Amino acid sequence: MNPIKLGLIDLGYREINAVNAIEEIIEYAVEAERLGFSKFWLAEHHYYHIKNHPYTTPDILISLIAGMTETIKIGSAGTCVSVHSPYTVVTNYKFLNNLFYGRISLGLSKGFPDSSAINQMLNKELKLGNSISFFKQNLNTIIDLLDNEEENLNTKSILIPPYGGLRPDLWYLSTSFTNFQEAIDFKLNYCVSIFHNFGQDINNLNIKKEEIMLLKESFYKQHGYYPEVAISLAIILKDTLEEAENQYNVSMEYVLKEAKEPFYIIPTTLELLHERLEKYQNDFGIDEFIIYDLSSTNEEKIKNIQLIGERFNLSVEATV
């Protein structure tokens, strides 16, 4: 069995003020690199019900973290494609990726703000019924701006600096494999979230390894290389399963009453997490797992990644 690759996703929230939360997110990312985690992704959220949430779009924070690290890949997971100017998204992420030596990833998300007032400021025409249409339209434009820069410069006078520079790693974010053909069409890596899909059976995922392998082969035939395929999952990690399940029950009360997004959370111990990810890797042929830790303090988060890094031998694998 191949070594398990692990990345992290952070939604930003801490039980402290917003400025201190930013400092803690940076500390968390720097420690993740030291321990051998491969990726550190930041989600875009336009919360209005969490007053101390530290940011909305992660672009500036991504640049800060990239400047304080050397090897770990930093990215968005994801950028709300429907609400942003494709030109702005591409100019920001292409610039950052070339500034930081190919370490920047752009995750492409179908999400958009819950607040209608925020939506109006970002995209006056966006509604629940046409968000997918805007996503596809803006996705097409993003890919065109990155892959056809000479034609766009010559025919439309559009320049995306640096000219001839590296395309950022692009990730199609989804809750299933039903959209994989779009990833093939646009040369995108693919990440399936199993924590944004409330109600699914976490122990019996409706994914078949044979189907994933066929999709990856189809990608290879069209582009000459294989895409990265990842699963993201949310965990509550404790010393005992009883502790984890108790915290899970508390967290689910909040999710059901307050959270604007449905989460499927896995209560676990370190050994059970290792067993689960080994099983997922064997059952589905997944290249990497992106973990969201629901611990409420940075101290807990850092302790957990230290334990995970040691158990999964991440620092050893990172040097091989």
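The figures that follow rest on heavy atoms only: side chains count, while hydrogens, waters and symmetry mates do not. Quick caveat: nothing in here was measured; it's all calculated off a predicted structure.
Rounding to the nearest 0.5 angstrom, the gap separating the SG atom in Cys191 from the CD1 atom in Ile231 is 8.0 Å. Atom CD1 of Ile142 sits about 9.5 Å away from atom NE2 of His84, to the nearest 0.5 Å. To the nearest 0.5 Å, atom CZ of residue Phe112 and atom SG of residue Cys80 are 9.5 Å apart. Atom-to-atom distance recorded for Leu139:CG and Ile132:CD1 is 11.0 Å, nearest 0.5 angstrom. The distance from atom CG of Leu42 to atom CG of Leu11, rounded to the nearest 0.5 Å, is 9.0 Å. Atom CG of Leu277 and atom CD1 of Ile291 lie 5.5 Å apart (nearest 0.5 Å).
Hydrophobic clustering of Ile, Leu, Val, Met, Phe, Trp and Tyr side chains at less than 4.5 Å, counting indirect connections, keeps Leu272 apart from Phe284. If you chain together hydrophobic residues whose side chains sit under 4.5 Å apart, Val229 and Met213 fall into the same group.
Summarising the geometry of Ile290 relative to Ala230, their closest heavy-atom pair is CG1-CB, 4.2 Å, with the distance given to 0.1 Å. Across every non-hydrogen atom of Asp287 and Lys5, the tightest pair is O-CB, 3.7 Å. Across every non-hydrogen atom of Lys187 and Asp147, the tightest pair is CE-OD2, 3.8 Å. When all heavy atoms of Leu273 and Thr268 are compared, the pair lying nearest together is N-OG1, 3.1 Å. Across all their heavy atoms, Leu146 and Pro168 have their closest contact at CD2-CD, 3.8 Å. Listed here is the closest heavy atom pair of Ser63 and Leu96: CB-CD2, 3.6 Å.
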Q) After noting the C-alpha distance and the side-chain angles of Lys94 and Glu149, does the key distance pass the salt bridge (charged side-chain N to carboxylate O under 4.0 Å, His left out) rule? A) CA-CA 12 Å; Lys94 184 181 178 187; Glu149 60 177 345; 2.8 Å; yes
Q: Any chance you could lay out the salt bridge (charged side-chain N to carboxylate O under 4.0 Å, His left out) test for Lys301 and Glu31, step after step, and finish with the verdict?
A: CA-CA 10 Å; Lys301 288 179 181 288; Glu31 181 67 2; over 6 Å; no
Q.
Go through it in stages, so that I can follow the logic: the residues are Leu153 and Tyr163, the test is side chain to side chain contact (heavy atoms under 4.5 Å, CB included), and I'd like the CA-CA distance, side-chain angles, deciding distance and then a yes or no.
A. CA-CA 10 Å; Leu153 178 59; Tyr163 184 75; 3.8 Å; yes
Q: Check the pair Val192 / Thr175 against side chain to side chain contact (heavy atoms under 4.5 Å, CB included), numbers first and verdict last.
A: CA-CA 5 Å; Val192 173; Thr175 57; 5.5 Å; no
Q. How far apart are the C-alpha atoms of Phe289 and Ser232, what are their side-chain angles, what is the distance that settles it, and do they pass the side chain to side chain contact (heavy atoms under 4.5 Å, CB included) test?
A. CA-CA 6 Å; Phe289 300 94; Ser232 61; over 6 Å; no
Q | Derivation of the side chain to side chain contact (heavy atoms under 4.5 Å, CB included) call for Glu151 and Lys156 | A | CA-CA 8 Å; Glu151 180 182 349; Lys156 301 177 184 177; over 6 Å; no
Q. side-chain hydrogen bond (donor to acceptor under 3.5 Å, both in side chains) between Tyr101 and Glu70: does it pass, once the steps are laid out?
A. CA-CA 9 Å; Tyr101 319 110; Glu70 296 181 358; over 6 Å; no
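The existence of a salt bridge linking Lys238 and Glu245 is excluded, since no basic side-chain nitrogen approaches an acidic carboxylate oxygen closer than 4.0 Å. A salt bridge links Glu228 to Lys39: at least one charged side-chain nitrogen sits closer than 4.0 Å to a carboxylate oxygen. Residues Glu300 and Lys303 are not paired through a salt bridge, judged by the lack of any N-O separation under 4.0 Å between the basic side chain and the carboxylate.
Considering only heavy atoms from C-beta on, Phe312 stays 4.5 Å or farther from Leu307 through its side chain. Using a 4.5 Å heavy-atom cutoff, the side chains of Ile104 and Lys73 are not in contact. Using a 4.5 Å heavy-atom cutoff, the side chains of Asn298 and Arg14 are in contact. The side-chain heavy atoms of Leu8 and Trp41, taken from C-beta on, include no pair separated by under 4.5 Å. Side-chain atoms of Asp185 and Ile143, non-hydrogen and from C-beta on, never get closer than 4.5 Å to each other. The closest side-chain heavy-atom distance from Glu44 to Tyr55 is not below 4.5 Å. Leu314 is listed as a side-chain neighbour of Phe37, based on a closest heavy-atom distance under 4.5 Å. The shortest side-chain heavy-atom distance between Ile236 and Asp293 does not fall under the 4.5 Å cut-off.
For the side-chain contact (heavy atoms from CB on, under 4.5 Å) with Glu243, the lone residue among Asp239, Leu241, Asn246 that qualifies is Asp239.
In this structure, His223 contributes its side chain and Ile184 its backbone to a donor-acceptor pair below 3.5 Å. Thr141 contributes a side-chain N or O that, together with a main-chain N or O of Gln137, makes up a donor-acceptor pair within less than 3.5 Å. Under a 3.5 Å cut-off, the side chain of Ser174 and the backbone N or O of Asn179 do not form any donor-acceptor pair. Judged by distance alone, with hydrogens and angles left aside, the side-chain atoms of His274 form no donor-acceptor pair with the main-chain N or O of Ile308 at under 3.5 Å. Within the 3.5 Å criterion, the main-chain N or O of Ile72 finds no donor-acceptor partner in the side chain of Thr69. Side-chain atoms of Asn17 come within 3.5 Å of backbone atoms of Asn20 as a donor-acceptor pair (strictly under, hydrogens ignored). Distance alone, capped at 3.5 Å, places no donor-acceptor pair between the Thr79 side chain and the Val81 backbone. Of the possible polar contacts, none joining the Asp144 side chain to the Asn140 backbone as a donor-acceptor pair under 3.5 Å is found. With Ser193 contributing its side chain and Phe195 its backbone, the two residues share a donor-acceptor pair below 3.5 Å. A donor-acceptor pair under 3.5 Å is absent between the side-chain atoms of Ser218 and the main chain of Leu214, judged by distance alone.
No hydrogens or angles considered: nothing links the side chains of Asn152 and Asn148 as a donor-acceptor pair under 3.5 Å. Checking Thr71 against Glu33 by side-chain atom types alone, a donor-acceptor pair falls below 3.5 Å. Tyr93 and Asp59 share a donor-acceptor pair across their side chains, judged by distance under 3.5 Å alone. Side-chain contact check for Asn304 and Ser295: at least one donor-acceptor pair (N or O, by modelled atom type) lies under 3.5 Å. Side-chain contact of Arg167 with Asn97: a donor-acceptor pair under 3.5 Å is absent, judged by distance alone. Checked by atom type, the side-chain pair Asp169/Asn189 shows no donor-acceptor distance below 3.5 Å.
In this structure, Tyr220 places its OH atom where only 12 or fewer heavy-atom neighbours from other residues, nucleotides or ligands lie under 6.0 Å away.
A parallel orientation is assigned to the rings of Tyr190 and Tyr172, their planes being inclined by less than 30° (bins at 30° and 60°). Taking the six-membered ring where tryptophan is involved, the planes of Phe177 and Phe180 are essentially parallel, since the angle between them stays under 30° and well short of 60°.
Not counting sequence neighbours, Tyr248 has no partner by the ring pair (Phe, Tyr, Trp, His ring centres under 6.0 Å) test. Under the ring pair (Phe, Tyr, Trp, His ring centres under 6.0 Å) criterion, Tyr28 pairs with Phe40, sequence neighbours left out.
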